[in-house]
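We name chains A, B, ... by the order of the sequence lines, and we start the count at 1 in each one.
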2 protein chains.
Amino acid sequence: MDIELIKSAPRPAPKPTGKRELTKAQNRLTILEAARQVFAELGYGATTVRDIIRATPLASGTFYNYFQSKEEVFQAIQDESALRIRPRLHEERAKASTVEEFISGTFRTFFEFVAGDHSNFRTLRMNTDTLRVRMDTPETIAGFEELREDLVGAIAKGMFPPVDADFLMAAIVGVAFELAERMARRELRDPATATAFATALLLGGIHALPTVTPPDIAAP
Amino acid sequence: MDIELIKSAPRPAPKPTGKRELTKAQNRLTILEAARQVFAELGYGATTVRDIIRATPLASGTFYNYFQSKEEVFQAIQDESALRIRPRLHEERAKASTVEEFISGTFRTFFEFVAGDHSNFRTLRMNTDTLRVRMDTPETIAGFEELREDLVGAIAKGMFPPVDADFLMAAIVGVAFELAERMARRELRDPATATAFATALLLGGIHALPTVTPPDIAAP
DNA sequence: AAAGGATCGTGACGAGCCGTCAACTTTCGG
DNA sequence: CCGAAAGTTGACGGCTCGTCACGATCCTTT
């Protein structure tokens, strides 16, 4: 009896070269990409599964072979997105040895990520609705998952003054999101500028901000 | 012929005491309140007009006697909300003579407003989706409409250093929204605490923040 | 290599929601 | 007290939803 078990237990090979697996993976990607675009355009709530599938050459029922629901495909998009930025953010903060490095590293990584592909952030931003209630927090999705722990660690090491980590995290996330929103709206293109501004503000407050030469005082 | 015109032109009185007008106003309020609750619970996108009307004793067709669409009732809610806080915010900043008064007044007014009724902020926050695309910006809806102009004025008067008003506004809004989110989640109840934290951060940066006594260094 | 089995794509289906509207009830004005 | 005006109601056709039984496609086994 064991023979049969041994025979069937160790799979010969995952066979990723089969034609079936190939088109399957391809279809999944097609749906994911279409969903990303539609979500970014219509918003999560207003988007229907039909909208997504209509943006592909596939039939309506096919969607449900790959995802159980609209929510699941959304989650998949955000997971993939978070998976790309989360390690970068954490690594950046892990190697920081000063407050300035910690803060500017976080902002720079996030702003460069947003600048690289607006649709990710837009999808996230456009869909704070259902998420807040039933799914993960936006921080999780945006890759700020470990920010709080990193902050607590930095405070414990004496890198940061002993402030409230929750408040500080809220402030960092708020500034990052709102400036990123400006980038997504094309009102602000340069990640470096956003990073410089946000870092200066958090480190030294308004009076430490880079000043803009007022038109009427400009030297000749 | 003019006689008829004169006769019909000057309305006798708006008659706000009529029973008809009374139940009409009452119905409008009923729908608005029901909509506020449903929006806050389901989110704008997921909410249907039927959902709203089901939360009232009225029939489905009645909704359309008061509002043309889901979007219109949502707009009405936000308008009313903004109408209550906008003058307060503007007045608070108008009488400010220092940066500290300007910033803390803005934060205090907003946080007290949110603390007074979470559902307003929650409804706003839950529905960033459709809004960003088709309607006003969140700043408008939340009453931060005139913040940018007030900032520009304060910079011109020399109250603020000559910084970029758009960036600064983004930062203020971001910190305000994210801390308000904590209040709506009941993780933070006191508007004064939020005001103190946000003001200190924007004025002097992280190092100016109120410190929390670390457990292991607490004096005996 | 050919057929049986397993997997996946398809589009038609019932359910449910949309906004409208004709008929009924209530209120107002004379 | 009655006719007109205004408001409410629930049922209706048109639409989109997610599902599912069927047929096509690919893999495997002998």
Criterion side-chain hydrogen bond (donor to acceptor under 3.5 Å, both in side chains) on A:N27 and A:T30, from CA distance to verdict: CA-CA 5 Å; A:N27 278 352; A:T30 302; 4.8 Å; no
Which whole-number value in Å describes the distance from [X] [atom1] to [N] [atom2]?
X: A:R28; N: C:dC8; atom1: CZ; atom2: C1'; answer: 16 Å
X: A:F67; N: D:dG18; atom1: CZ; atom2: P; answer: 15 Å
X: B:N27; N: C:dT27; atom1: CG; atom2: C1'; answer: 14 Å
X: B:I31; N: D:dG7; atom1: CD1; atom2: P; answer: 13 Å
X: A:Q26; N: D:dC26; atom1: CD; atom2: C1'; answer: 17 Å

Min side-chain heavy-atom separation A:R54-A:V38 under 4.5 Å: no
Side chain to side chain, A:V49 and A:F67, heavy atoms closer than 4.5 Å: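 They are not in contact (no side-chain heavy atoms under 4.5 Å apart), so the answer is no.
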Electrostatic pair B:K95:B:E91 at N-O distance under 4.0 angstrom: no
ring-ring contact (aromatic ring centres under 6.0 Å, His included) partners for A:F160, two or more places apart: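 With sequence neighbours excluded, A:F160 shows a ring-ring contact (aromatic ring centres under 6.0 Å, His included) to A:F102, given in chain and number order.
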Distance flag, aromatic centroids of A:F144 and A:F110, threshold under 6.0 Å: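 Distance test on ring centres: under 6.0 Å, yes.
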Under 4.0 Å: is that the gap between some side-chain N or O of [X] and OP1 or OP2 of [N]?
X: A:T62; N: C:dT10; value: yes
X: B:K24; N: D:dA6; value: no
X: B:T48; N: C:dC17; value: no
X: A:N65; N: C:dT10; value: no

Side-chain donor-acceptor contact under 3.5 Å, A:D51 with A:T48: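 Present: a donor and an acceptor within the cut-off.
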Nearest-nucleotide pick for A:Y66, side chain only, options being C:dG11, D:dG10, C:dC8: C:dC8
Sugar-phosphate only, base, or nothing, as touched by B:S60 at under 4.0 Å among non-hydrogen atoms: base
Sugar-phosphate, base or nothing in reach of B:F63, heavy atoms under 4.0 Å: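 The answer is nothing, as B:F63 stays clear of every strand by at least 4.0 Å.
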Near-strand residues of residues 49-58 of chain A, defined as heavy-atom separation under 4.0 angstrom from DNA chain C: A:L58
